[in-house]
Amino acid sequence: MNDKDSKVLRVLARQYRNSAAAATEIINLQSIMNLPKGTEHFLTDIHGEYEQFNHVLKNGSGSVRKKIDEEFGNTISSRDKRSLATLIYYPEEKLEIVMREEENLEDWYTISLYRLVQMIKRVSSKYTRSKVRKALPEDFAYVIEELITEKAEIHDKEAYYNEIIHTIIRIGRAPQFIIALSELIQRLVIDHLHIVGDIYDRGPGPHIIMDTLCSYHSVDVQWGNHDIAWMGAACGHMACIANVVRIAARYGNLDTLEDGYGINLLPLATFAMDVYRNADCSVFSIRHGTDYNTKDSGLDAKMHKAMSVIQFKLEGQLIRRHPEFGMEDRVLLDRIDYEKGVLRVENKESGASREYKMLDMDFPTIDPGHPFELTEEERQVMERLRQAFMKCEKLQRHVRFLYAKGGLYKIYNGNLLYHGCVPMNSDGSFAGVNVYGKRYYGKALYDVLEYYARRAYYAKDEEERAAGQDIMWYIWTGPGSPVFGKEKMATFERYFLEEKETHKEKKNSYYKLVEKEETVEQILKEFGLESRDAHIVNGHVPVEQIHGESPVKCGGRLLIIDGGFAKAYQAKTGIAGYTLVCNSRGMELAAHEPFESARAVIANESDLFSHSVDVEVFPQRKLVADTDVGQDIRERIYYLEELLEAYRNGAVMEEE
């Protein structure tokens, strides 16, 4: 036995003090290995659409409805199934309607409670009693356990269970019990949640989504470029802050910053009202949703323009500071001819230049001789914002969660999860990216970028922290960034140039190459996955189903599951998002209809789920033994058996 094994046994011996305790745990763990694997749920590119996110989470992308069909078959009507599903998704809201409209409330309570208990039995059957017990709501744990546990010693079981149900109704606890059962079903249907990037931006409620994720029982996050921008802003990086505020203004979501996170935008508003009072802000009109208060549009457009100009200045400074980023073509303020009102753009390949007429030349804070310098007022606004972002307790809590539960990629149960792409050259080789003087490729690129992203928040040394924060900005928008995956972000051109060819953002070669199975195999191998059962689950670029594009590539080895949660994308994609479910029997892709509102779902007893496609049906049911958890359990059993042997041969002394 080596020193490491000896130390492990000594630690285990403190927990399992004798051979009986060790043997009991071995038996328990071995039995867990033979249970069906838990259901994994994959969501990506949520973009602040919290109502749709919450609904998909509640219905498990159709998993709840499937469990209802499995449990009740043809014994209840389709209408009753829809009603039961709605009750499970939105118990409080549904109860309000029932209490107002139902004539015989006691009968409704009785039927609903029995059906919910049946559902609890169904969804808890793949878990150990211990795991179910830990998931039970504290107030009703004992009662629920009694109802779902078979009691061989009780002769008249029906009378026993009837009495429990009737007592719950008689003492007025039925509504609370129904809510507890419904939430428990939601909890047990999904064992683990994967968020494959882009929680933030565009939609109105990323802070609400983050609150939900922070309290979720089991979750991991693969950072998207929009998440990275917010994380960089929380670190205090001014270019990231400018991007976050600009995008919130552009989509009419400044309330997310002010009300959601309590970030004071008054200094920016005051500055914009003063400096941009008479400025032309027509190209900075707000892309708002139906709940936007249009009386704010004038001020918001001024704030939008003010922050955009600050962003372009800060980014120009940053790119000049880092020539290794290779982003000189994104330094544009000094390419404006301020007298002629045109932008000079050079073609990267031919070297030829062309002049484009600017749609807006009203820049009260730009000095043509020093276009990247912030005015004193702009510096003050940005410093106030930097302090507000860094001192926002809620934002810092959310960002710490993203660091704790997240990363640029994840290998989980033999599948590779990432947002964006693995940067590649057109010949199929991995593209190299210069990170502070050294080139990185493939997995090594992900690892070094994640290292610097973590230093951006946690490093004590100011220079190291600053270096990490600049890399955060590069991850957000750089041409070699895995989570961005495009040659450029054409923000400037979309604002100021009419010509559509300047708006194009050329995708990395990855997006063509992954149509080939050998490319997918190459990527999986790079990340240490050589099994034929391995898949890539990929977010970031919306799949345009409306044009016949499929999210399933290479016979199901690659799944691009961004179908357009964000309303801004839905006209382009034709749907309202893809999600993926992987249970013990296979992998299933769900396409979702556009989501009107939770209120409409409750009133109409409708659902967001549209249709599903089997990606893969496993030849035999997967067990816990086939998962990462199973591997951990296998290792624990190995050491427990070593401990048991050590007790038996006297190498470790037992305690009574």
Side-chain angles (χ1 to χ4, degrees), residues 31 35-36 39 58-60 63-191 217 602 605 607:
S31 65
L35 289 171
T39 299
K58 288 172 182 293
N59 78 358
S63 295
V64 169
R65 182 56 194 266
K66 285 191 175 179
K67 293 294 183 184
I68 291 173
D69 287 337
E70 288 171 7
E71 179 61 31
F72 296 103
N74 295 320
T75 61
I76 64 175
S77 68
S78 295
R79 181 179 177 180
D80 284 347
K81 288 178 183 178
R82 289 198 305 272
S83 182
L84 179 59
T86 305
L87 178 63
I88 292 169
Y89 306 154
Y90 300 102
E92 293 183 48
E93 295 85 348
K94 182 65 176 174
L95 279 165
E96 285 183 14
I97 295 171
V98 168
M99 289 178 185
R100 191 169 59 245
E101 298 179 354
E102 186 63 44
E103 293 181 4
N104 194 330
L105 195 56
E106 186 170 331
D107 279 357
W108 185 89
Y109 281 149
T110 302
I111 293 168
S112 297
L113 284 169
Y114 270 111
R115 288 174 177 172
L116 289 171
V117 169
Q118 281 182 259
M119 283 294 294
I120 293 286
K121 290 180 180 180
R122 165 71 64 170
V123 299
S124 65
S125 61
K126 65 162 67 174
Y127 302 120
T128 63
R129 188 176 296 183
S130 173
K131 185 166 184 174
V132 173
R133 190 177 292 123
K134 289 173 184 175
L136 296 177
E138 188 175 340
D139 289 350
F140 296 105
Y142 174 77
V143 178
I144 294 173
E145 194 166 4
E146 286 294 295
L147 286 169
I148 65 175
T149 304
E150 289 292 331
K151 293 187 172 294
E153 68 276 13
I154 295 176
H155 296 295
D156 193 348
K157 295 178 186 177
E158 186 175 348
Y160 176 74
Y161 296 128
N162 283 345
E163 189 57 38
I164 294 175
I165 297 285
H166 291 151
T167 301
I168 290 167
I169 297 169
R170 181 173 58 80
I171 64 174
R173 293 289 281 170
Q176 294 85 353
F177 196 56
I178 285 170
I179 292 168
L181 290 175
S182 298
E183 291 176 349
L184 180 60
I185 291 165
Q186 293 177 32
R187 159 70 178 80
L188 293 173
V189 162
I190 300 299
D191 189 49
H217 57 273
I602 297 161
E605 294 187 340
D607 211 334

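Hydrogens, waters and symmetry mates play no part in the numbers below; they use all other heavy atoms, side chains included.
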Undergrad: Taking C-beta and beyond as the side chain, do Val98 and Leu87 meet within less than 4.5 Å on heavy atoms?
TA: no

Undergrad: Do you know which two heavy atoms are closest between Leu184 and Ala135, and how far apart they sit?
TA: CD1-O, 3.5 Å

Undergrad: Does CD belonging to Glu138 count more than 12 external heavy atoms closer than 6.0 Å?
TA: no

Undergrad: Please answer whether the main-chain N or O of Ile88 pairs with a side-chain N or O of Gln186 as donor and acceptor at a distance below 3.5 Å.
TA: yes

Undergrad: Ignoring hydrogens, what is the shortest heavy-atom contact between Ala141 and Leu136? Give both atom names and the distance.
TA: O-CD1, 3.5 Å

Undergrad: So, do Met99 and Pro175 sit near enough that their side-chain heavy atoms are less than 4.5 Å apart?
TA: yes

Undergrad: Just to verify, what does Lys67 make a side-chain hydrogen bond (donor to acceptor under 3.5 Å, both in side chains) with, not counting sequence neighbours?
TA: none

Undergrad: Could you check whether any side-chain heavy atom of Lys81 comes within less than 4.5 Å of a side-chain heavy atom of Ile76, counting everything from C-beta outward?
TA: yes

Undergrad: Would you say the side chain of Ile178 lies within less than 4.5 Å of the side chain of Tyr109, judging by non-hydrogen atoms?
TA: yes

Undergrad: For Thr167, enumerate each residue passing the side-chain hydrogen bond (donor to acceptor under 3.5 Å, both in side chains) test, keeping only those at least two apart in sequence or located in another chain.
TA: Glu163

Undergrad: Kindly compute the distance separating OH (Tyr160) from CD1 (Ile165), expressed to the nearest 0.5 Å.
TA: 11.5 Å

Undergrad: Provide the closest heavy-atom pair for Ser63 versus Gly60 in the form atom of the first, atom of the second, distance.
TA: OG-O, 2.7 Å

Undergrad: For a quick test of reading the model, state the closest non-hydrogen atom pair linking Ile602 to Thr86 and the distance between them.
TA: CA-CG2, 3.9 Å

Undergrad: Would you say Pro137 and Ile144 make side-chain contact, with heavy atoms under 4.5 Å?
TA: yes

Undergrad: Only counting residues at least two apart or in another chain, list the ones meeting side-chain hydrogen bond (donor to acceptor under 3.5 Å, both in side chains) with Ser83.
TA: Glu605

Undergrad: Heavy-atom count check: over 12 atoms from other residues, nucleotides or ligands less than 6.0 Å from Asn104 CG?
TA: yes

Undergrad: Are any of the side-chain heavy atoms of Ile97 and Tyr90 separated by less than 4.5 Å?
TA: no

Undergrad: Could you report the tightest heavy-atom contact between Leu35 and Tyr127, atom names first, then the distance?
TA: CD1-C, 4.1 Å

Undergrad: Flag the pair Leu147 / Ile120 as yes when at least one side-chain heavy-atom distance between them is below 4.5 Å, and no otherwise.
TA: no

Undergrad: With no hydrogens and no angle check, is any side-chain donor or acceptor of Tyr89 less than 3.5 Å from a backbone partner on Val64?
TA: no

Undergrad: Can you tell me how far CD of Glu70 sits from CE of Met119, rounded to the nearest 0.5 angstrom?
TA: 8.5 Å

Undergrad: Answer yes or no: is there a side-chain heavy-atom contact under 4.5 Å between Gln118 and Leu84?
TA: no

Undergrad: Mind checking what makes salt bridge (charged side-chain N to carboxylate O under 4.0 Å, His left out) contact with Arg82, not counting sequence neighbours?
TA: none

Undergrad: Once you round to the nearest 0.5 Å, how far does NZ of Lys134 lie from NE2 of His217?
TA: 13.5 Å

Undergrad: Above 12 or not: heavy atoms from other molecules or residues under 6.0 Å from NZ of Lys121?
TA: yes

Undergrad: Is the count of non-hydrogen atoms from other residues, nucleotides or ligands lying under 6.0 Å from Arg129 atom CZ greater than 12?
TA: no

Undergrad: Rounded at 0.5 Å granularity, tell me how far CD1 in Ile171 sits from CD in Gln176.
TA: 9.5 Å

Undergrad: Once side-chain hydrogen bond (donor to acceptor under 3.5 Å, both in side chains) is applied, do any residues pair with Arg122, and if so which ones, sequence neighbours excluded?
TA: Glu71

Undergrad: Heavy-atom count check: over 12 atoms from other residues, nucleotides or ligands less than 6.0 Å from Glu102 CD?
TA: yes

Undergrad: In Å, rounded to the nearest 0.5 Å, how long is the span from CD1 of Ile185 to CD1 of Ile68?
TA: 7.5 Å

Undergrad: Restricting to non-hydrogen atoms, name the atom on Tyr161 and the atom on Glu146 that form the minimum distance, rounded to 0.1 Å.
TA: CE2-O, 3.4 Å

Undergrad: Holding to side chain to side chain contact (heavy atoms under 4.5 Å, CB included), I want the full list of residues that pass it with Thr39, two or more places apart in sequence or in another chain.
TA: Lys126, Ile190, Val581, Asn583

Undergrad: Please round to the nearest 0.5 Å and tell me the distance separating atom CD1 of Ile169 and atom OG1 of Thr110.
TA: 3.0 Å

